[in-house]
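Below: one structure, written as C-alpha cells.
All heavy atoms count here, side chains included; hydrogens, waters and symmetry mates do not.
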Amino acid sequence: MEQQEQPGQPGQPGRPGLQGQGEWRRSAWCGELRASDAGREVVLNGWVAHRRDHGGLIFIDLRDRSGLVQVVFNPQTDPEAFRTAETLRLEYVVSVAGQVRHRSPGMENPKLPTGEIEVAGHTLTVLSTSKTPPFVLDRAPSVDENLRLRYRYLDLRRPEMQRNLVLRHRLAQKTREFLNARGFLEIETPMLTRSTPEGARDFLVPSRLSPGTFYALPQSPQLFKQLLMVSGFERYYQIARCFRDEDLRADRQPEFTQIDIEMSFVEREDVMQLGEELIATLLGEVNVRVELPLRRITYGEAMLRYGSDKPDLRFGLEIQDVSQLFATSGFQVFARAVASGGVVRALVLPGGSDLSRRELDQLVELAPRWGARGLVWMLAEAEELRSPIAKYLGAGEEAALRKQLSVQPGDLICLMAGPEKETAIAMGRLRLFLAEKKNLIPPGRWELVWVVDFPLLEWNEEERRLEAVHHPFTSPRQEDVDLLATEPLRVRANAYDLVLNGVELGGGSIRNHRREVQERVFEALGISPEEARAKFGFLLEALEYGAPPHGGIAFGFDRLVMLLAGEETIRDVIAFPKTQSGADPLTGAPAAVSAAQLGELHIIPEVPVA
RNA sequence: GGAGCCGUGGUGUAGCGGUUUAACACACCUGCCUGUCACGCAGGAGAUCGCGGGUUCGAUUCCCGUCGGCUCCGCCA
C-alpha cells in the first residue's frame with residue numbers, strides 16, 4: 001500500500017501510472033479531480049456508476065470511494081478503449097488511463113464537484129465484471145431494507161452509506177485523539193466473560209472445556225473498567241462492543257458500540273466536564289458548535305416539565321402541575337386523583353383549538369396507550385373553556401386555570417390525572433406527539449442537556465423489590481447515604497445522563513469504591529452478603545485492596561453517529577446490522593449447527609438439528 | 001409476549017366494492033444515436049400477485065392462518 005494516493009491528500013504524486021499496457025494502478029481519485037488538474041494524465045480505478053452510450057461517444061460515470069467523475073471514450077481518438085467501453089455494464093470494475101481536461105463551455109455539470117472537468121479515456125481495462133445488481137444503487141433508500149441487507153456489500157457502495165461509515169471512522173478517531181491527549185489508555189477487556197445478574201438478558205457461549213458452563217458476552221465492560229481503576233491505570237477508555245439479548249428497535253441492535261470511559265481520583269464534575277468536552281468536540285466534526293458548560297436539569301424537574309428522563313429541549317410545550325387547583329374541584333375524577341396522592345398535569349398547545357373534533361378524539365383514544373387513565377381537553381375561547389367536563393367546573397376554577405397556565409384564546413389545554421410517575425410519562429408522550437403533529441421541532445437544532453440527581457433505586461412492581469436505576473455499583477450522593485436504610489427511594493445517585501435532542505446519548509456515575517457503602521447499597525437492594533459474594537465477589541474483593549475513588553461514563557456510539565449523520569436508524573451507520581428479528585440476511589445468521597458441534601459443547605438440542 | 005403498517009416482473013409502485021392480455025416507471029436485452037450527465041428514440045424479454053387454507057362457478061382482489069420486513073409498547077442494570 002505504499003505509493004497510492006489517499007483521499008484527503010490531493011496533490012500527492014502518485015505512481016507514474018502510464019508506463020505500458022496493463023498498468024492499472026491508481027494515480028488519482030475520481031472525486032478529487034478539479035479544474036486545476038486539467039492536463040494531468042491519470043489512472044483511475046473504480047466502479048461503473050452510470051453509462052451513457054451515444055453510439056459514437058460513450059460517457060461513463062466512474063465511482064470510487066472519493067466520489068464520481070465522468071470519463072469519455074471517443075472512437076476517433078481511442079478506438080480500442082471505445083470498443084471495450086461498449087461492453088461496460090453497471091458496477092463493472094475498471095481501470096481507466098486518460099487525460100483530465102476542462103469540459104467545453106456550457107457542458108459543465110454544477111451538480112458534481114468534479115463537474116468542471118472530465119477524463120478522456122485512452123486505455124480501459126476491465127478488472128472485474130458484474131451481474132446486473134438486484135437493485136439500482138441510486139435508488140436504494142426506497143428499496144426494501146431486507147434486500148439491502150442481503151446485498152449489503154452493494155448497498156454500502158452508495159455514497160450515502162460510504163459517507164456514514166467515513167463519519168463513523170472520523171468520530172472514532174477523534175474520540176481516540178481527544179482521550180489520548182488527556183492521558184487515557186485504550187485497554188481491551190474480554191468478550192468471553194461471566195454472566196452477572198441484573199440488567200439485560202445475556203448472550204451465552206457454551207464452554208467446551210467445562211461441560212455445562214457458559215461464558216456470557218459483555219453487556220458492557222463495566223466491571224472490568226472498575227477493576228482497571230483498582231489496578232491503577234487511572235484513565236481508561238475503549239470503543240467497546242457490547243451485547244444485550246433484548247428486542248430490537250430503530251436505535252437498538254443486539255450488538256452495539258459504546259465509548260467507554262473510566263477515571264480515578266475524580267468526582268462527578270470531573271467526569272461530566274470531560275464528557276461534555278468530548279461530545280462538543282465530536283459535534284464540532286460536523287460543524288455543530290456547542291456552548292459549554294452544558295445546561296443541567298434534575299431528574300425530578302425533567303419528569304415534571306417534560307415527562308421524560310431524556311427530555312427533548314428543541315421545543316417548549318412544557319408540562320405544568322395543576323394538582324392543587326383541582327384538589328377541591330367539582331370534577332370528581334381529578335379531585336379523587338389528588339386526594340389519593342396522585343397529580344393532575346396540564347399542557348397548553350398554543351393555537352391548538354384548530355384541532356378538529358376527530359383529532360381531539362384521537363388524543364383521548366391514544367392516552368391509554370401512553371399509560372394514562374384518560375385525557376381531558378379544553379378549548380380556550382374568549383370567555384369560556386369549551387370542554388366535555390366544562391359543566392363540572394366552577395367559574396373560579398376556570399379562571400384560576402387560565403391564569404396559572406397563561407391561557408390565550410385559541411389555545412388547547414390537555415389534562416391528565418393519576419399516579420405521579422405514569423401521569424408524567426403519559427404527558428411526556430403527549431408532548432412529543434403534539435410536537436411532531438404540529439411540526440414544532442425546528443430542524444438544525446442541537447439541544448444537549450445533562451440529567452442529574454436520578455434516584456439511586458426504584459421499585460419494581462413485578463418483582464416486588466427495589467432495583468438499581470443505573471446499575472448496582474453507582475454510588476449514592478454523599479449526603480443521602482444515611483437514607484439508604486430508612487427511605488431508600490429518596491436516595492439520589494451520583495449519576496448523570498447526557499441527552500441530545502431527546503435521545504439518551506450516554507450516562508455514567510461515580511462508583512462505590514468503599515466496600516462498606518457498596519454493601520449498604522446491596523442491602524437496600526435486598527441482596528444478601530452471600531448472594532453479593534456469589535455474584536460480584538471478585539469486584540467486592542477488589543474493593544478491599546485499595547480501590548481509588550473512581551467514576552466514568554459511556555456513550556452510545558451508534559446513536560451518536562446516527563444523530564450526526566442525520567439518519568433515523570442506527571442500522572444506517574453500522575456496516576452489517578441485524579434485522580428486527582436479530583437476523584443477518586447476508587450471512588444467514590443465526591443458523592443451525594451440526595449435532596457434532598453441539599455434542600462437543602455438551603449441548604442437547606431441544607429441537608432437531610441438521 | 002402484544003399492537004399497527006407493509007408484501008404484485010430484478011427494483012419501486014398501480015390495480016381489482018370477484019371474471020381484464022395484471023398496468024406504469026426504472027433496471028435488463030437488441031437496434032439507432034458524437035456532448036450526455038437519472039442521455040434520448042424504437043423494439044423485446046421478464047410476474048405461479050410471499051406461503052398455506054377457506055368462501056365462491058371463479059380469488060392477486062374477500063376471510064383465517066403463517067412467514068418475512070418495518071415502527072411502536074413491554075423488555076433494554
Under the side chain to side chain donor-acceptor pair (under 3.5 Å) rule, collect the residues that match up with A/Glu160, sequence neighbours excluded.
none
Any side-chain donor-acceptor pair under 3.5 Å between A/Glu116 and A/His102?
no
Do the side chain of A/Glu246 and the base of B/rG74 come within less than 3.5 angstrom through a donor-acceptor pair of N or O atoms?
no
Please give, in whole Å, the distance from B/rC39 C1' to A/Leu90 CG?
14 Å
Which residues in residues 569-588 of chain A have at least one heavy atom lying under 4.0 Å from any atom of RNA chain B?
A/Arg571, A/Thr579, A/Gln580, A/Ser581
Please list, by residue number, the residues of residues 497-506 of chain A whose heavy atoms come closer than 4.0 Å to an atom of RNA chain B; answer none if no residue qualifies.
none
Note: contacts of residues 100-114 of chain A with RNA chain B (heavy atom, under 4.0 Å) are A/Arg101, A/Arg103, A/Met107, A/Glu108, A/Asn109, A/Lys111
Rounded distance in Å - CG (A/Leu137) to P (B/rC37)
20 Å
Which part of the nucleic acid, if any, lies within reach of A/Arg249 when heavy atoms closer than 4.0 Å are counted: base, sugar-phosphate only, or nothing?
base
Could you grab the distance from atom CG of A/Asp480 to atom CD of A/Glu487, nearest 0.5 Å is fine?
10.0 Å
Think A/Arg52 has a side-chain N or O under 4.0 angstrom from the OP1 or OP2 of B/rU36?
no
Going by the rule ring pair (Phe, Tyr, Trp, His ring centres under 6.0 Å), which residues pair with A/Phe82 if we only count those two or more places apart in sequence or in a different chain?
none
Side chain of A/Asp61 (C-beta onward), nearest among B/rG35, B/rU71, B/rC37:
B/rC37
Does A/Asp53 reach a base, just sugar-phosphate, or nothing at all? Heavy atoms under 4.0 Å.
base
Name the closest nucleotide to the A/Arg51 side chain, picking from B/rC29, B/rC76, B/rA38.
B/rC29
Over how many whole Å does the gap from A/His54 atom NE2 to B/rA38 atom P extend?
11 Å
Name the pairing partner of B/rA23, where a pair is Watson-Crick or G-U wobble with both distances under 3.5 Å, or state none.
B/rU13
Find the distance A/Trp370:CH2 to B/rA3:P and express it as a whole number of Å.
20 Å
Could you identify the nucleotide paired to B/rC62, looking across every strand shown and requiring Watson-Crick or G-U wobble geometry with both distances under 3.5 Å?
B/rG54
Filter on ring pair (Phe, Tyr, Trp, His ring centres under 6.0 Å), then keep only pairs touching residues 498-527 of chain A, sequence neighbours left out; what's left?
A/Phe522-A/Phe536
Measure the distance from CG on A/Leu68 to P on B/rU36 and round it to the nearest whole Å.
18 Å
Watson-Crick/G-U partner (both atom distances under 3.5 Å) of B/rG4:
B/rC70
Contact list please: residues 216-223 of chain A against RNA chain B, heavy atoms, distance less than 4.0 Å, in numerical order.
A/Ser220, A/Gln222
Side chains of A/Ser95 and A/Asn45 only: does a donor on one sit below 3.5 Å from an acceptor on the other?
yes
Whole angstrom is fine here: how far is it from NE2 in A/His50 over to P in B/rC37?
11 Å
note: A/Glu118, atom CD; B/rG35, atom C1'; distance rounded to Å ~ 8 Å
Does A/Ser66 use its side chain to pair, donor to acceptor, with the backbone of A/Gly31 at less than 3.5 Å?
yes
Could you tell me if A/Gln70 and A/Thr114 have a donor-acceptor pair between their side chains, going purely by distance under 3.5 Å?
no
Check ring pair (Phe, Tyr, Trp, His ring centres under 6.0 Å) between A/His50 and all other residues, then give those that pass, not counting sequence neighbours.
none
Using a heavy-atom cut-off of under 4.0 Å over every strand shown, decide if A/Arg429 touches base, sugar-phosphate, or nothing.
sugar-phosphate
Modelled atom types, side-chain donor and acceptor of A/Gln238 and A/Asp260, under 3.5 Å
no
Is the phosphate of B/rG2 approached by A/Arg369 (side-chain N or O, under 4.0 Å from OP1 or OP2)?
no
By ring pair (Phe, Tyr, Trp, His ring centres under 6.0 Å), which residues pair with A/Phe454, not counting sequence neighbours?
A/Tyr299, A/His470
Donor on one side chain, acceptor on other, A/Asp558 and A/Gln253, under 3.5 Å
no
Considering only NZ, NE, NH1 and NH2 on the basic side and carboxylate oxygens on the acidic side, decide whether A/Glu422 and A/Arg373 come within less than 4.0 Å.
yes
Please name the nucleotide paired to B/rG31 by Watson-Crick or G-U wobble geometry with both distances under 3.5 Å, or report none.
B/rC41
Applying ring pair (Phe, Tyr, Trp, His ring centres under 6.0 Å), name anything that partners A/Phe433, two or more places apart in sequence or on another chain.
A/Trp370
Report the distance from atom CG of A/Leu248 to atom P of B/rG1, rounded to the nearest whole Å.
14 Å
Please identify each residue that fulfils salt bridge (charged side-chain N to carboxylate O under 4.0 Å, His left out) with A/Glu91, with sequence neighbours left out.
A/Arg63, A/Arg157
Taking protein heavy atoms under 4.0 Å as touching, what does nucleotides 8-15 of chain B look like 5' to 3' if B marks base contact, S marks sugar-phosphate-only contact and - marks none?
--SSS---
Classify the side chain of A/Arg252 versus the base of B/rC75 as yes if they form a donor-acceptor pair under 3.5 Å and no if they do not.
yes
Quick one about A/Arg194 and A/Thr196 (side-chain donor to acceptor, distance below 3.5 Å, no hydrogens or angles considered), yes or no?
no
Judged by modelled atom types alone, do A/Thr569 and A/Asp572 share a side-chain donor-acceptor pair under 3.5 Å?
no
May I ask you to say whether A/Glu519 pairs ionically with A/Arg533, meaning some side-chain N is under 4.0 Å from a carboxylate O?
no
